[in-house]
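Report on the following structure.
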Protein chains: 2
Amino acid sequence: MPAEAKVSAKVNKPAKVDARATAPGSPPLTERQEARRRRILHASAQLASRGGFDAVQMREVAESSQVALGTLYRYFPSKIHLLVATMQDQLEHMHGTLRKKPPQGERAAERVAETLMRAFRALQREPHLADAMVRALTFADRSVSPEVDQVSRQTTAIILDAMGLEHPTPEQLSAVRVIEHTWHSALITWLSGRASIAQVKIDIETVCRLIDLTAPDAHE
Amino acid sequence: MPAEAKVSAKVNKPAKVDARATAPGSPPLTERQEARRRRILHASAQLASRGGFDAVQMREVAESSQVALGTLYRYFPSKIHLLVATMQDQLEHMHGTLRKKPPQGERAAERVAETLMRAFRALQREPHLADAMVRALTFADRSVSPEVDQVSRQTTAIILDAMGLEHPTPEQLSAVRVIEHTWHSALITWLSGRASIAQVKIDIETVCRLIDLTAPDAHE
DNA sequence: CGCTAATCTAGAACAAGTTTCAGACTTGAT
DNA sequence: ATCAAGTCTGAAACTTGTTCTAGATTAGCG
């Protein structure tokens, strides 16, 4: 198992491609490029679904997606970037799916817990994929911050959706952040076999109680 | 930056050494072996203090600690094992230090928050070391579960100490678990530059409020 | 259509984690 | 003190992430 040979890596690149999907900032991709990008993400998710983080090998991703290794690296400057992008992609699906059937609970805490448990059940269907994405997310270093942040924003949006809030207070945002922390860390302990599914459920329900604390007598 | 070349790794080894320090389970180490182990952990912490996770290179650790590469791997079957063991080591110090000056807060929540903030300030003094240890901890896969669990137990002990509890209820244990989740994840976001120190403080204080929920009218 | 810059490809090369191997050294028990 | 089993060493080999290079292709433009 080779190691993280970055040290002096992932700097000075001519004109990266990545970083679109949600931020068409740089040059808009041509159709073929968009197609390549999609093939890559698909191959990544597929390999991840098989064997998790370790099974996503850059050479294999390149081959599966019919792209040269160098090109793969032009689109995603590292394996971590690739997997985080894969997560962004999956999260979008998820958010779309969740939107359709909003949770029924009466209190916000219940709705958030139910939403997260739904997401959790979805992840359980592809535990290897979950492994790859979550491990990449928590292992990411500063060079991936923008992408990780994007994932975080998307997650926040999902939770706020479930809470039914438009203009959260700073207090409520803190609670949401703590919920996200718990969500990620609980997933990790489940993925590494140190906590059962039931345990994760309890932890999620426990942390969601914080929501009740942040707007008990408030209106909305 | 090489990758995780484990796949078929870290299985069938004759008679590992590792796994003592707290669990003198297997064969007791001779004096020279104990010394080697200590040299290795010291070298690991030193290299980590310099440049974080990436700076802990197995060849360098071996050289610094005057041990052959093969021997290093006999003591610690992977870089992750090594760094998690380094964390166990540091945590013991920390627990000892914290014991001496127990936090003063009145409510349990305050004491826990203060304790964690103390630990956080200690980590801030060696951010690179913190980076190496925390990244290893969250990246660890199933093969490191026992060691990661040990770290988790030690952390739990520290928190329960601060709460002043001997016999926590299941509810309280849930709260403690959630606090640990938040602690780890908040550290990650700080280490990767996505959250400020102030933010981490707020998150810790926020999650600690859960404690008040678990034994409000209970006695003590 | 013909040109130039940017992009893509195939493949070699490099870095660091991990494994393997033959031989020297220790340890523990006889 | 002596021998077998278990350790340690030094060095090479292997794996997979990452970088680099030279030559094809493609895209956009006049």
Side-chain angles (χ1 to χ4, degrees), chain A residues 1-18 26-37 39-40 44 47 51 53-63 65-83 136 139 141 143-144, chain B residues 1-18 26-37 39-40 44 47 51 53-63 65-83 136 139 141 143-144:
Chain A
M1 171 228 255
E4 315 308 303
K6 17 190 83 146
V7 179
S8 66
K10 59 195 51 155
V11 226
N12 52 356
K13 280 282 185 57
K16 318 277 187 61
V17 176
D18 192 274
S26 326
L29 301 189
T30 72
E31 212 165 297
R32 299 169 47 117
Q33 290 177 316
E34 195 53 59
R36 268 189 208 104
R37 178 162 198 285
R39 285 207 304 281
I40 293 173
S44 168
L47 286 171
F53 189 89
D54 292 339
V56 180
Q57 304 196 347
M58 299 305 268
R59 281 174 248 259
E60 291 217 13
V61 172
E63 191 173 351
S65 49
Q66 305 260 257
V67 133
L69 190 54
T71 304
L72 170 53
Y73 273 95
R74 172 190 279 278
Y75 280 69
F76 302 97
S78 77
K79 172 170 174 173
I80 300 290
H81 281 83
L82 171 57
L83 285 173
F139 191 64
D141 65 10
S143 72
V144 204
Chain B
M1 171 227 257
E4 315 310 303
K6 17 192 81 149
V7 179
S8 67
K10 62 196 47 157
V11 228
N12 52 354
K13 282 281 184 54
K16 318 279 187 60
V17 175
D18 193 274
S26 326
L29 302 189
T30 71
E31 213 165 295
R32 298 167 47 112
Q33 289 177 317
E34 194 53 59
R36 267 190 209 105
R37 178 163 199 283
R39 285 205 306 280
I40 293 173
S44 168
L47 287 171
F53 189 89
D54 292 338
V56 180
Q57 304 196 348
M58 299 305 267
R59 282 174 248 258
E60 292 217 14
V61 172
E63 192 172 350
S65 50
Q66 306 258 258
V67 135
L69 190 54
T71 305
L72 171 53
Y73 273 95
R74 173 191 280 278
Y75 280 70
F76 302 97
S78 79
K79 173 171 174 171
I80 300 290
H81 281 83
L82 171 57
L83 286 173
F139 190 64
D141 64 10
S143 72
V144 203

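Residue numbers begin at 1 in each chain, while the letters A, B, ... track the order of the sequences.
In the interface, the side chain of A/Arg59 is paired with the base of D/dT18 through a donor and an acceptor atom under 3.5 Å apart. With hydrogens and angles ignored, no donor-acceptor pair under 3.5 angstrom links the side chain of B/Arg32 to the base of C/dT27.
Here the C1' atom of nucleotide D/dT19 and the CZ atom of A/Phe76 are 19 Å apart, to the nearest Å. The nearest whole Å value for the distance from the CZ atom in A/Arg36 to the P atom in C/dA6 is 17 Å. Whole-Å rounding puts the B/Leu72 CG to C/dA16 P distance at 16 Å. Rounded to an integer number of Å, the gap from CE of A/Met58 to P of D/dC20 is 15 Å. Look at CZ on B/Arg74: it is 17 Å from P on C/dT18, rounded to the nearest Å. In this entry the distance linking CD of B/Gln57 with C1' of D/dT18 reads 14 Å, nearest Å. The CZ-P distance, from B/Arg39 to D/dC8, rounds to 11 Å in whole Å. The CG atom of A/Leu47 sits 14 Å away from the C1' atom of D/dT16 (whole-angstrom rounding).
Counting only heavy atoms from C-beta on, B/Val67 has its side chain closest to D/dT9 among D/dT9, C/dC8, D/dT16. Distances from the side chain of B/Tyr73 to the nucleotides C/dT18, D/dC8, C/dC8 place C/dT18 closest. Checked against D/dT18, C/dT18, D/dT9, the side chain of B/Leu69 finds its nearest nucleotide in C/dT18.
A/Gln33 has a side-chain polar atom (N or O) that falls below the 4.0 Å cut-off from OP1 or OP2 of C/dC8. A close approach under 4.0 Å does not occur between any side-chain nitrogen or oxygen of A/Thr30 and OP1 or OP2 of D/dA27. Phosphate proximity of C/dT7 to A/Tyr75: absent, as no side-chain N or O sits under 4.0 Å from OP1 or OP2.
The two residues B/Ala136 and B/Ile80 make their nearest non-hydrogen contact at O-CG2, 3.7 Å. Counting all heavy atoms, side chain and backbone alike, B/Val56 lies closest to B/Ser44 at CG2-O, 3.9 Å.
Every residue two or more places apart in sequence or in another chain that forms a side-chain contact (heavy atoms from CB on, under 4.5 Å) with A/Glu60 is listed here: A/Leu47, A/Gln57. Among residues two or more places apart in sequence or in another chain, the side-chain contact (heavy atoms from CB on, under 4.5 Å) test is passed with A/Arg59 by A/Leu69.
Looking only at distances, a side-chain donor or acceptor of B/Lys79 sits under 3.5 Å from a matching main-chain atom of B/Phe53.
Among the protein residues, B/Glu60 comes within range of no part of the nucleic acid, since none of its heavy atoms lies under 4.0 Å from any strand. A/Gln66 comes within contact range of the sugar-phosphate backbone alone, with a heavy-atom separation under 4.0 Å but no base atom that close. Residue A/Val61 is out of contact with every strand shown, counting any heavy-atom pair closer than 4.0 Å.
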